Structures are given as C-alpha cells and as structure tokens.
Number of protein chains: 2
Amino acid sequence: MAADSLSRVFSALADPTRRDMVARLAAGDATVNELADPYDVTVQAVSKHLKVLEDAGLVSRSREAQRRPVHLEAEVFDLMTRWIERYRREAEERYRRLDDVLRSMPDDVEPTPPTESGAST
Amino acid sequence: MAADSLSRVFSALADPTRRDMVARLAAGDATVNELADPYDVTVQAVSKHLKVLEDAGLVSRSREAQRRPVHLEAEVFDLMTRWIERYRREAEERYRRLDDVLRSMPDDVEPTPPTESGAST
DNA sequence: GTTGTATTCAACCAGGTAGTTGAACGAGGG
DNA sequence: CCCTCGTTCAACTACCTGGTTGAATACAAC
C-alpha cells in the first residue's frame with residue numbers, strides 16, 4: 001500500500017524548516033551548507049532534515065566533487081495531491097448531495113441506502 | 001513547535017490511522033465509537049486522534065444528545081493543495097527552463113565548470 | 001436518584017524526533 | 001603528503017507523540 005510513503009511525505013512536510021527548504025529548492029538546487037545558512041541550527045541538523053526529505057522521495061542528491069547538491073523531485077507531490085483531491089471531492093459531493101436531500105425533504109425520514117455497511121480498508 | 005496551521009494539517013495527515021479516519025469521514029459523519037470500531041486501539045486513542053484532526057481544522061464536532069458526531073471539513077484541504085501546487089509548479093517550470101538552456105547550449109561554456117568529464121547529452 | 005452509554009481527562013510509559021557536540025570520511029589544493 | 005572544506009556518523013539529551021488504564025463528565029432512560 002502507498003500508505004507508508006504517503007506517511008513519509010506528509011510527515012516530512014509537517015516541519016516548517018523542511019517546508020522552507022522545499023520552497024527554496026523549488027527555486028534551484030543548493031548544497032547542504034547553502035541550505036543551512038539562513039537557519040539558526042547546525043549543519044548537521046540540516047543534513048538530518050535533508051535525509052528525511054530524501055527518504056520521503058522529495059529530494060535527491062548527486063555528487064559533484066566534495067559537494068552534494070540537493071535537487072527537488074516534483075513527482076512525489078502528485079501522490080499527495082491525488083490523495084487530498086480524492087477525499088475532498090468525496091466530501092464536497094456528499095455535502096452537495098446532503099444539501100439536495102435537505103432541500104427536497106419536507107419532514108420525512110432520511111434515506112438510508114441498504115448498501116451501507118461498515119467501512120473497510 | 002508546529003504552531004502554524006499548515007504544519008498541523010500535514011502533521012495530522014502523517015498518521016495512517018488518521019488518514020483512514022478522514023477517508024471514512026469523507027463518506028459520511030460518524031461518532032467516536034463508530035470510528036474506533038475497526039481499529040485495534042482504545043476509544044480514548046481515537047478520541048486523541050480526533051483532537052489532532054480537529055486542531056488541524058480537518059474535522060468539526062457537534063453535539064447531539066450524548067453523541068458527538070464528527071464531520072469532515074473539506075476547506076482545509078485547499079491550504080495544502082495550494083502549497084503543494086505552488087512549489088511543484090515552480091520546480092517543474094525551473095526544470096523546463098533548465099531544459100531550454102541546455103538545448104540552446106550546444107557546445108558552449110557552462111556557468112560553473114570546475115571539472116569537465118564529457119559533454120552533457 | 002440511579003444506572004447506562006458516549007466521550008473526555010489525567011497520569012503514565014515506550015518510542016521517535018529534532019537538536020546538540022565531537023569525530024570521521026572523501027575529495028581538492030597547498 | 002598534509003590540510004582544509006563539505007558532509008555525514010555517533011552518542012547523547014529534551015521533548016513530542018501514540019498508546020495504555022482508570023476515573024470523571026454529560027446526557028438519557030429507568
């Protein structure tokens with residue numbers, strides 16, 4: 001299941017520093033030291049953040065002499081967008097449907113489809 | 001601390017159980033007990049998860065007798081989608097631009113050529 | 001008023017995470 | 001070869017998180 005990688009991506013982006021790194025990397029590749037500069041933390045801490053982003057598939061690192069330029073991988077964003085949009089659409093549709101029902105319902109009972117059983121994975 | 005709302009939303013959805021809850025809530029409102037049923041954890045744990053989702057603005061709870069039906073709030077998804085799409089677009093555009101540059105540079109010099117180990121293809 | 005049901009609060013524990021310092025490693029330049 | 005720079009590894013600490021159990025609260029039914 002893609003749940004695991006989805007967890008890694010969401011978790012990676014739950015940190016403001018990492019989100020800021022992603023934002024800056026969207027403007028262009030950078031080295032660990034360059035990335036670390038604006039933050040008030042050690043380079044080692046930034047290196048750890050980078051590892052989290054890398055494990056989530058959000059960035060990749062190449063080797064160029066002793067530097068390791070960090071590159072943003074945009075494809076993983078799709079995974080999130082797909083998940084988000086799916087449930088948003090569902091929720092909004094349901095909302096619209098409910099709205100319809102309420103409007104077309106004088107004071108009768110609620111329609112309960114017989115195909116409704118416990119939700120499963 | 002993850003005080004900003006974007007951090008809270010990403011953090012909330014980083015947990016597979018909470019994502020599953022959201023998925024199920026997209027199909028319709030549910031009570032805490034209903035939500036807790038399929039999971040192998042106590043109701044209290046689910047209540048905590050719900051609090052996280054609520055703090056993130058992903059769900060809301062009303063009061064209906066002693067039950068507290070949970071309702072999915074779809075708007076917050078927009079916040080994430082906007083963030084994600086912004087940087088994805090930036091990254092993709094940059095990629096396209098780079099591609100252009102490379103194509104318009106047949107055998108010219110590169111901006112930073114410390115080592116030359118073959119032409120770029 | 002007492003009982004029962006649904007939910008939350010409080011205290012606690014195990015594991016993970018973000019940060020630190022200090023040392024090691026890898027590649028170029030003197 | 002030795003030194004320096006960029007980066008990562010290792011060990012440690014403080015805190016946050018997800019889980020537990022047990023008690024408390026809120027409302028409905030009896």
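Quick note on labels: first sequence line is chain A, next is B, and so on, each numbered from 1. Because the structure is predicted, anything quoted here is derived from the model rather than measured.
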- Does any residue of residues 41-49 of chain B have a heavy atom under 4.0 Å from DNA chain D, and if so, which ones, in number order? B:V41, B:T42, B:Q44, B:A45, B:K48, B:H49
Does [X] make a side-chain N or O approach to OP1 or OP2 of [N] shorter than 4.0 Å?
X     : N     : answer
A:R68 : D:dT8 : yes
A:N33 : D:dC5 : no
A:R61 : D:dT8 : yes

Could you state the atom-to-atom distance from [atom1] of [X] to [atom2] of [N] in whole Å?
X     : N      : atom1 : atom2 : result
A:R8  : C:dG16 : CZ    : P     : 15 Å
B:F10 : D:dC16 : CZ    : P     : 22 Å
A:D40 : C:dA18 : CG    : P     : 17 Å
B:K51 : D:dG18 : NZ    : C1'   : 15 Å
B:L35 : C:dT7  : CG    : P     : 9 Å
A:D55 : C:dA18 : CG    : C1'   : 15 Å
A:D15 : D:dC16 : CG    : C1'   : 13 Å
B:E54 : C:dT8  : CD    : P     : 8 Å

- Intermediate values then yes/no, side chain to side chain donor-acceptor pair (under 3.5 Å), B:S7 and B:D4: CA-CA 6 Å; B:S7 292; B:D4 63 298; 2.8 Å; yes
- Does A:R63 or B:E34 map to a spot on DNA chain C nearer the 5' end, using the closest nucleotide for each? B:E34
- Message: As a test of reading the structure: which of C:dA18, C:dT7, D:dC27 is closest to the side chain of A:R18, going by heavy atoms?
- Response: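 Nearest to the side-chain atoms of A:R18, counting from C-beta on, is C:dA18.
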Residues 46-57 of chain A side chain polar contacts: donor-acceptor under 3.5 Å, at least two apart:
| residue | atom | partner | partner atom | Å |
| --- | --- | --- | --- | --- |
| A:H49 | ND1 | A:R18 | NH1 | 3.1 |
| A:E54 | OE1 | A:R61 | NE | 3.3 |
| A:E54 | OE1 | A:R61 | NH2 | 2.6 |

- Determine yes or no for a side-chain-to-main-chain donor-acceptor pair under 3.5 angstrom, with A:T31 supplying the side chain and A:P69 the backbone. no
- Message: Tell me whether B:R19 contacts the main-chain N or O of B:L13 through its side chain, where contact means a donor paired with an acceptor under 3.5 Å.
- Response: yes
- Parallel, tilted or perpendicular: which fits the ring planes of A:W83 and A:F10, with parallel below 30° and perpendicular above 60°?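 Plane angle over 60°, so perpendicular.
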- Message: If I take atom CG from residue A:D20 and atom CG from residue A:D15, how far apart are they, to the nearest 0.5 angstrom?
- Response: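 Reported value, rounded in 0.5 Å steps: 10.0 Å.
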- Check whether any side-chain heavy atom of A:V9 sits under 4.5 Å from a side-chain heavy atom of A:L58, and report yes or no.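 Side-chain contact under 4.5 Å: yes.
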